[in-house]
Protein chains: 2
Amino acid sequence: MSKPPTIHDVAKRAQVSVSTVSNVLTGKRPVAEATRRRVLEIVQEIGFRPNRLAQGLVSRSSQTIGVVASGLEYFGPSRVLVGIEQEASERGYTLILNLIHEPATVDAEAVLAHLITHQVDGIIWASPHIGKHLEQRQEALSRVPAPVVLINHPNASGLIVIDIDNQRGGYEATRHLLANGFQNIGLIAGPPDWHASQMRRQGWELALREAGKEPEQRQIAYGDWSPQSGERAFYQLRATFPELDAVFAANDQMAIGALCAAADLNLRIPEDIGIVGYDDIPEAAFIRPRLSTVRQPLLELGRLAVQKLDALIAGNLQPSSANASGDLLQPLLIVRESSQLRRSPE
Amino acid sequence: MSKPPTIHDVAKRAQVSVSTVSNVLTGKRPVAEATRRRVLEIVQEIGFRPNRLAQGLVSRSSQTIGVVASGLEYFGPSRVLVGIEQEASERGYTLILNLIHEPATVDAEAVLAHLITHQVDGIIWASPHIGKHLEQRQEALSRVPAPVVLINHPNASGLIVIDIDNQRGGYEATRHLLANGFQNIGLIAGPPDWHASQMRRQGWELALREAGKEPEQRQIAYGDWSPQSGERAFYQLRATFPELDAVFAANDQMAIGALCAAADLNLRIPEDIGIVGYDDIPEAAFIRPRLSTVRQPLLELGRLAVQKLDALIAGNLQPSSANASGDLLQPLLIVRESSQLRRSPE
DNA sequence: GGATGCATCTAAAACGTTTTATGCGAGGAC
DNA sequence: GTCCTCGCATAAAACGTTTTAGATGCATCC
């Protein structure tokens, strides 16, 4: 089989120089209309496709974005990735995907090195911060010779960080439960070293304090986002916090696990226990009782990441000018059956 | 800021030629131990990272795999992608991701051209076949100057196709319902132009025929995989097929929608209506009633795709030698509450 | 009539690697 | 001593583009 045609083949057939072909294709310099047409005709005819490797090598821009993600089995991360991909492809970027399976132990340096090696124009780090080496990792990120946008991370100076306002989500969910007459609201939290987890907990704490209730450690049970862990956490909560009459779960899957445990205990939802989840997975509106939850603009978050990165690459945005408060998208509380108590507050 | 170091910088510092540095790094030719160590030391010292673009350009191999996927918001496709990524990164491949948002109208040629342009070593086409232009698309795929592995496609001569045995899954689910005494089993099918959908339907038909029941059109309602569509399909089924006493839904989300509709109609599950879903999403074991379903080896499917592709790239596998039957993974029926009738068959 | 400007095109360098072809010296066979 | 072989190292070519620095011809300007 013969080699694919190169720009030289096009040039020869069109009786022009390779530079002219290049100029026709990139549009960086004007070319006479007649020549332009002739070249394009030949390109069509022999099916020439420029080699991106060669383009990237000399132009020092690969039109490529490295994405570091994890937890694609969960609703949130996979939606964010879809948003990233849509915006990236609309802007002419190609995505290089790196999944992290063990966020706690990942060698960030190695992952970054791998992407740099591929000459990515920028990096979106969408893997949740886990573990203690935060400063270390952020230092690695700011040393990288390419712009970086972080998702799901605490603010870091000199780095662009965007997120959805998890504290606000936790706050709204808890306030809604309080407003509906629930008194003793337990928290089924996500893994404590996830940033999103911490923020949702802070929102829950804030709402409790505003209502004059000091949150206690025994009101919290930790899960790992899975339904199983939600079920287990619910039993644990009933043991350490017997007065429990409502639960805010940090995601819908754990909420479903809790719902399941409640059913096993013959507890009525929402009469005996009110429940609010987080994410608004498609199933949330169709399980019984229909699950109240917090919906997040995940697709938009992914798109925003690419927009920021593109601005960074183009030099229209300085990492130092990052304004944290401006880069928080707002979640939306969706009230359904699982949290609607008809009895009035005592 | 200074340019990143190149192989020339290493060579100069180590007082050897660039070829020697290259040989040390690639290991393609022997280098004296002393020289080797000196070079590696310098590499460490100045933090040299080879430029993959340059490597790929001359070696004509980018160590890159193009993945075309869609429906990442669903359980199946996202798990398959995770499997692909794991196996690919273990084998030293980098993934280029292309998502398709409208599988029905996608310009396959353009997507393939984009990947070829990036000099991918191979392509995994994991977007479900939709629409009528099957032959056309497969022709485009076989014209591509890189090996291709197809997932979720009908068999095609000259192309490697792998899948999970959807017909078997549909068959087992339906047979299980029949064995549990259900007589009139409706089908909530996925979109009729998805290959997986068709195969699951064929399995359902096969089981019915084996039981002496000729499947009728009115026993089928089509959904779009979403819980909403499952709910709608259930109502439709009750209208066109009033004797309905069980449902096989082509995925768990639609099964959940059906469950929801059944609850609204005050039908007991499984006493009045038995239900089996498909996928075994994590929530399936935690909703009430616990959902019987068909579990698929999705991660393994993704890994297998990369293994096949790697063999193809290495020349250890010929597309023409593709043996369809050997490339079907087997699903597993998971029996839970939603399909377990205690009454004996009439 | 020479200088200037403009539009169009081009030759050659550059990008950072791997690959190819070759060189060199030492050691062994004869 | 001469001829081979072998282990190690190297210079130069090659990969397929974009970019740089000119070149050419022609009209315009003074």
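Computed from a prediction, not measured in an experiment: that's the story for all the values here. Numbers restart at 1 for each chain; the letters A, B, ... are given by sequence-line order, proteins then strands.
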Between CG of A:Leu312 and CG of A:Leu159, what distance do you get to the nearest 0.5 Å?
-> 9.5 Å
Using a 3.5 Å cut-off and no angle test, enumerate the donor-acceptor pairs between side-chain atoms of residues 21-31 of chain B and protein atoms at least two apart in sequence or in another chain.
| unit_1 | atom_1 | unit_2 | atom_2 | d |
| --- | --- | --- | --- | --- |
| B:Asn23 | ND2 | B:Ser19 | O | 3.2 |
| B:Thr26 | OG1 | B:Ser22 | O | 2.9 |
| B:Thr26 | OG1 | B:Lys28 | N | 3.3 |

Does any donor atom in the side chain of A:His153 or A:Asp163 lie under 3.5 Å from an acceptor atom in the other side chain?
-> no
When rounded to whole Å, the CZ to C1' distance for the pair B:Arg52 and D:dG16 reads 19 Å
Can you tell me if B:His101 and B:Ser70 form a side-chain donor-acceptor pair at under 3.5 Å?
-> no
Rounding to a whole Å, what distance do you find between B:Ile7:CD1 and D:dA11:P?
-> 13 Å
Short side-chain N/O contact from B:Ser59 to OP1 or OP2 of C:dT18, under 4.0 Å = no
Out of D:dT17, C:dT18, D:dG16, minimum distance to the side chain of B:Arg60 belongs to D:dG16
In whole angstroms, the gap separating C1' of D:dT17 from NE2 of B:His118 amounts to 14 Å
Look at the side chain of A:Thr6 and decide which nucleotide, out of D:dT17, D:dC15, D:dT10, has an atom nearest to it.
-> D:dT17
Rounded off to whole Å, could you give me the CZ-to-P distance for the B:Phe48 and C:dG16 pair?
-> 10 Å
Nearest-angstrom distance from the residue atom CG of A:Asn23 to P of D:dA21 | 15 Å
For DNA chain C, whose closest nucleotide is more 5', that of A:Thr20 or that of B:Arg29?
-> A:Thr20
Expressed in angstrom and rounded to an integer, what is the separation of B:Leu53 atom CG from C:dT18 atom C1'?
-> 14 Å
Polar contact flag, side-chain donor to acceptor under 3.5 angstrom, B:Thr64-B:His118 | no
Touch check for A:Arg36, heavy atoms < 4.0 angstrom, all strands: base, sugar-phosphate only, or nothing?
-> nothing
Per atom distances to the A:Val58 side chain, the nearest of C:dT10, C:dT19, D:dG16 is D:dG16
Regarding the side chain of B:Leu57, the nearest nucleotide among C:dC9, C:dG16, D:dT17 is C:dG16
For B:Val18 and B:Glu33, take the nucleotide of DNA chain D holding the closest heavy atom to each; which residue's nucleotide lies nearer the 5' end?
-> B:Glu33
Below 4.0 angstrom from OP1 or OP2 of D:dT18, is there any side-chain N or O of A:Lys28?
-> no
Euclidean distance, atom CD of residue A:Gln55 to atom P of D:dT18 [Å, nearest integer] | 5 Å
Going by modelled atom types, is there a donor-acceptor pair between the base of D:dA9 and the side chain of B:Thr35 at under 3.5 Å?
-> no
B:Ser19 side chain near D:dA9 phosphate (N/O to OP1/OP2, under 4.0 Å) = no
Which whole-number value in Å describes the distance from B:Gln63 CD to C:dT17 C1'?
-> 14 Å
Is the phosphate of D:dA9, meaning OP1 or OP2, less than 4.0 Å from a side-chain N or O of B:Ser17?
-> no
